[in-house]
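This report refers to the structure that appears directly beneath it.
Quick note: residue numbers are just sequence positions, from 1. Values in this document were obtained by computation on a predicted structure and should not be read as measured data.
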Amino acid sequence: MKGTHRILAIVIIALISVGIANYSPKGWESWMGENVEPAKKPALWGLTEPPVLQNINWEREGNVEVATLPRNAGGKLETQLKALGYYPVYANWSTCRWTIWTGKRTYYVGETGSEILIVRGSLEDVIEWADENSRCGKPGPMTKVIGPSPKKALSYTVSLIGEGLEKDSKIAVPYKWDGKIPWSLANYSLRTGNVSMLVLIYATEEQLDYARSLVEGKTLCTHALGYYALLMLNGPEGEVSRAYNSIEDTFEVGGAPCG
């Protein structure tokens, strides 16, 4: 049976990879309910475009749009991009610096003297623009970035859940969440027995705290590849507690408490 459980865990991870996924001591548990104060909604919540790029002038160049920012705004832009689920896919960080970030859309961010050049569009169009216009390195094998992303953090978290359940001879299968799903960078739902589980990925502690104030049920939180992963469990109290305990130790070993 162990082999079957492992195969099912691998299947769950594979489903995410192909796109089906669109704080107290020992446990950090929280029964969310009537006594929980709603957290303040973060500024970087539910947005597609970073606020620093709003209300600036964009000029059309073929299939992309181009704009500039003062150079001192570059750090803020990168922080906002990550908080909204963007991650680097190509970059040159040696001579002149540029990075291509992708997520809901794609942005080229490059240093040009006293300004930051921004190009936005589809991934394919931005790569094509950079290939034709970059003066130091082009998108390709030598500039490809292999690093964390919200989807990788989600896959990692689901693998931890599968490992925890497997140790107690439980399995999890994909499940369509039938309640409201808060905004997140990535999410996935699964079920073990009568317990439904929802995994939500966030980039900042403010986003995590706000999400926790929105959900009901028992929750676990762990760090996952530089992101925060929030797990919500719903179902009969006894079954929820058993599933929670199965996953908790794996989260402690494979991740780290959020809090």
Side-chain angles (χ1 to χ4, degrees), residues 16-22 41-155 181-188 200-204 206-207 225-227:
I16 294 175
S17 68
V18 299
I20 290 182
N22 186 355
K41 183 178 179 180
L44 298 174
W45 179 274
L47 303 177
T48 296
E49 186 150 81
V52 72
L53 295 183
Q54 297 173 3
N55 302 317
I56 63 174
N57 294 322
W58 293 91
E59 295 184 4
R60 170 68 63 176
E61 286 190 14
N63 293 327
V64 300
E65 294 177 290
V66 179
T68 58
L69 284 175
R71 188 158 181 163
N72 61 9
K76 178 183 288 187
L77 173 58
E78 291 191 1
T79 298
Q80 292 181 357
L81 283 168
K82 182 177 179 181
L84 296 177
Y86 291 89
Y87 56 95
V89 286
Y90 295 97
N92 179 6
W93 296 328
S94 54
T95 51
C96 65
R97 293 173 58 88
W98 58 264
T99 306
I100 294 178
W101 298 76
T102 196
K104 295 292 186 181
R105 55 172 50 147
T106 300
Y107 294 93
Y108 169 100
V109 180
E111 297 178 356
T112 58
S114 62
E115 294 182 320
I116 300 292
L117 178 66
I118 316 295
V119 180
R120 71 181 182 186
S122 69
L123 177 60
E124 294 77 10
D125 289 335
V126 170
I127 288 175
E128 182 178 351
W129 182 95
D131 189 58
E132 295 174 353
N133 294 277
S134 176
R135 297 179 181 179
C136 54
K138 300 181 182 298
M142 297 299 293
T143 57
K144 189 173 183 63
V145 177
I146 307 297
S149 69
K151 186 175 286 188
K152 289 180 181 178
L154 182 66
S155 180
I181 299 179
W183 177 86
S184 63
L185 306 185
N187 67 76
Y188 190 70
L200 302 166
I201 301 297
Y202 296 100
T204 71
E206 291 78 12
Q207 291 172 342
L225 307 181
Y227 294 87

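- Among residues at least two apart or in separate chains, there is no ring-ring contact (aromatic ring centres under 6.0 Å, His included) pair with a member in residues 47-68.
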N/O donor-acceptor pairs under 3.5 Å from side chains in residues 123-130, not counting sequence neighbours:
residue: D125; atom: OD2; partner: S122; partner atom: OG; Å: 3.0
residue: W129; atom: NE1; partner: E61; partner atom: OE1; Å: 3.3

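- With sequence neighbours left out, T106 forms a side chain to side chain donor-acceptor pair (under 3.5 Å) with T102.
- Sorted by first and then second residue, the side-chain hydrogen bond (donor to acceptor under 3.5 Å, both in side chains) pairs involving residues 71-82 (not counting sequence neighbours) are R71-E111.
- With sequence neighbours left out, the side-chain contact (heavy atoms from CB on, under 4.5 Å) criterion links T204 to A83, E206, Q207.
- Atom CD1 of I181 is separated from atom CG of N187 by 4.5 Å, given to the nearest 0.5 angstrom.
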Pairs under 3.5 angstrom only: tabulate donor-acceptor contacts from the side chains of residues 48-56 to other protein residues two or more places apart or in another chain.
residue: E49; atom: OE1; partner: R120; partner atom: NH1; Å: 3.0
residue: E49; atom: OE2; partner: R105; partner atom: NH1; Å: 2.8
residue: E49; atom: OE2; partner: Y107; partner atom: OH; Å: 2.7
residue: E49; atom: OE2; partner: R120; partner atom: NH1; Å: 2.6
residue: Q54; atom: NE2; partner: E49; partner atom: O; Å: 3.3

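- A heavy-atom distance below 4.5 Å is found between the side chains of P150 and Y87.
- With sequence neighbours left out, the ring pair (Phe, Tyr, Trp, His ring centres under 6.0 Å) criterion links W183 to W45.
- Residues passing the ring pair (Phe, Tyr, Trp, His ring centres under 6.0 Å) test with W101, sequence neighbours excluded: none.
- Among residues two or more places apart in sequence or in another chain, the side chain to side chain donor-acceptor pair (under 3.5 Å) test is passed with S114 by none.
- For T99, the side chain to side chain donor-acceptor pair (under 3.5 Å) criterion is met by W93, not counting sequence neighbours.
- A disulfide (SG to SG under 2.5 Å) check over residues 47-148, counting only residues at least two apart or in different chains, returns the pairs C96-C136.
- Of all heavy-atom pairs between G85 and L185, the closest is N-CD2, 3.5 Å.
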